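Notes follow once the structure below has been shown.
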Amino acid sequence: MNSCIRNNPETSNLIFSLATADDLDELVAIENQAFPFPWPCQHFIAELAKDYSRTLLAIRRNRQEREICGYIIFWLIFDEMHILNLAVKTGYRRQGIARALIHRAMHTASCNQVRNVWLEVRPSNQAALSLYHSLGFRCVARRRKYYSETGEDALIMSRAIP
């Protein structure tokens, strides 16, 4: 897993760390860029407070500056990981950051004896579907009218962690 991240020149200068309340403004800004129906700040606050929830950041450092490029929010519950949210800042998309975040999150899950990863995704989100398929996720079910804002279904995807 680490070699996949290190060997990609686009992600080799990223630092990964867990979010804190100090990161909320940047997280909300990325969320608002990334989604037509973004999570409100309260959702991020709630996730930071849960002991089974992790908000992992991808950070670029340039001299004294620190910039959050993306994040993944996931739960670790018993032997399962559930990805709730994944976003990359507009100027950093298509550079392997989302893939690196998923790999890092799955590595964390593996260290916690997690065996399976689950997520929901909109059928209309072709970029996400392509990424998830390339990472070995398979569609296992459909939740009808899952997204309340639009009534769109959700595809439930899963993969094992070896």
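Computation of the quantities below employed the complete heavy-atom set of this structure, encompassing side-chain atoms and omitting hydrogens, waters and symmetry-equivalent molecules. The structure displayed is predicted, hence computed values, not measured ones.
A continuous path of hydrophobic side-chain contacts links I30 to L24 [ILVMFWY only; heavy atoms under 4.5 Å]. L48 and I73 end up in the same hydrophobic cluster when Ile, Leu, Val, Met, Phe, Trp and Tyr side chains are linked at under 4.5 Å. Neither M157 nor Y147 shares a network with the other; the hydrophobic side chains, linked directly or stepwise wherever heavy atoms of I, L, V, M, F, W or Y lie under 4.5 Å apart, form separate groups for each. The same ILVMFWY cluster, assembled from side-chain heavy atoms under 4.5 Å apart, contains both I72 and L129. Hydrophobic clustering, with ILVMFWY side chains joined whenever heavy atoms are under 4.5 angstrom apart, keeps V140 apart from I161.
Among all heavy-atom pairs drawn from V114 and M81, the shortest one is CG1-N, 3.5 Å. Residues L155 and R142 come closest through the heavy atom pair CD2-NH2, 3.6 Å. Contact record, I59 with S17: CD1-OG, 3.3 Å, taken as the closest heavy-atom pair. A34 and A87 get closest at one heavy-atom pair: CB-CB, 3.9 Å. Minimum interatomic distance between R159 and G136 (heavy atoms only, all atoms of both residues): CB-O, 3.5 Å. Across every non-hydrogen atom of H43 and W39, the tightest pair is CB-CE3, 3.5 Å.
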For the pair L18 and L56, evaluate side chain to side chain contact (heavy atoms under 4.5 Å, CB included) and give the outcome as yes or no after the intermediate values. CA-CA 5 Å; L18 293 175; L56 182 65; 4.3 Å; yes
task: Evaluate the side chain to side chain contact (heavy atoms under 4.5 Å, CB included) criterion for residues E67 and R61: first the C-alpha distance (whole Å), next the side-chain angles of each, then the deciding distance (0.1 Å), finally the verdict.
output: CA-CA 6 Å; E67 181 179 16; R61 283 199 185 271; over 6 Å; no
- [ ] I would like to know whether S130 and Q126 meet side chain to side chain contact (heavy atoms under 4.5 Å, CB included); could you show each step before the answer?
- [x] CA-CA 6 Å; S130 177; Q126 290 301 310; over 6 Å; no
| query | Between S134 and R99, does a side chain to side chain contact (heavy atoms under 4.5 Å, CB included) hold up when you go through it step by step? | reply | CA-CA 9 Å; S134 76; R99 179 179 300 276; 2.7 Å; yes
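Within 6.0 Å of atom CD in E149, more than 12 heavy atoms from other residues, nucleotides or ligands are found, so the atom counts as buried in its surroundings. Annotation: R115, atom CZ; neighbour count of heavy atoms from other residues, nucleotides and ligands within 6.0 Å does not exceed 12. For N32, the CG atom sits in a packed shell: over 12 heavy atoms of surrounding residues, nucleotides or ligands are nearer than 6.0 Å.
Between F44 and D23 the shortest side-chain heavy-atom distance does not fall below 4.5 Å. Side-chain contact between I102 and L131 is present, with at least one heavy-atom pair separated by less than 4.5 Å. Proximity of E26 to Y71: side-chain heavy atoms (C-beta onward) are nowhere separated by under 4.5 Å. Looking only at side-chain heavy atoms (C-beta outward), H103 and L135 come within less than 4.5 Å of each other. Counting heavy atoms from C-beta on, the side chains of I77 and H82 never come closer than 4.5 Å. Proximity of W75 to K50: side-chain heavy atoms (C-beta onward) are separated by under 4.5 Å at one or more points. In this structure, the side chains of K89 and I68 stay at 4.5 Å or more apart for every pair of heavy atoms. Side-chain contact between E31 and N85 is present, with heavy atoms from C-beta onward closer than 4.5 Å.
Cluster partners of F37: none. The rule joins Ile, Leu, Val, Met, Phe, Trp and Tyr whenever side-chain heavy atoms lie under 4.5 Å apart, and it links nothing here.
One distance of note links OG1 of T108 with CZ of R54; it measures 8.0 Å at 0.5 Å rounding. Note that the OH atom of Y52 and the CD atom of E80 stand 13.5 Å from one another [nearest 0.5 Å]. Between the OG1 atom of T90 and the CD atom of Q33 there is a distance of 3.5 Å, given to the nearest 0.5 Å. Note: L76 CG to S53 OG = 8.5 Å, rounded to the nearest 0.5 Å. Taken to the nearest 0.5 Å, the SG atom of C41 stands 8.5 Å off from the CG atom of L27.
Applying the salt bridge (Lys or Arg N to Asp or Glu O under 4.0 Å) test to E152 and every residue at least two apart in sequence or in another chain returns R122. For A58, the side-chain contact (heavy atoms from CB on, under 4.5 Å) partners at least two apart in sequence or on another chain are L14, F16, I97, L101.
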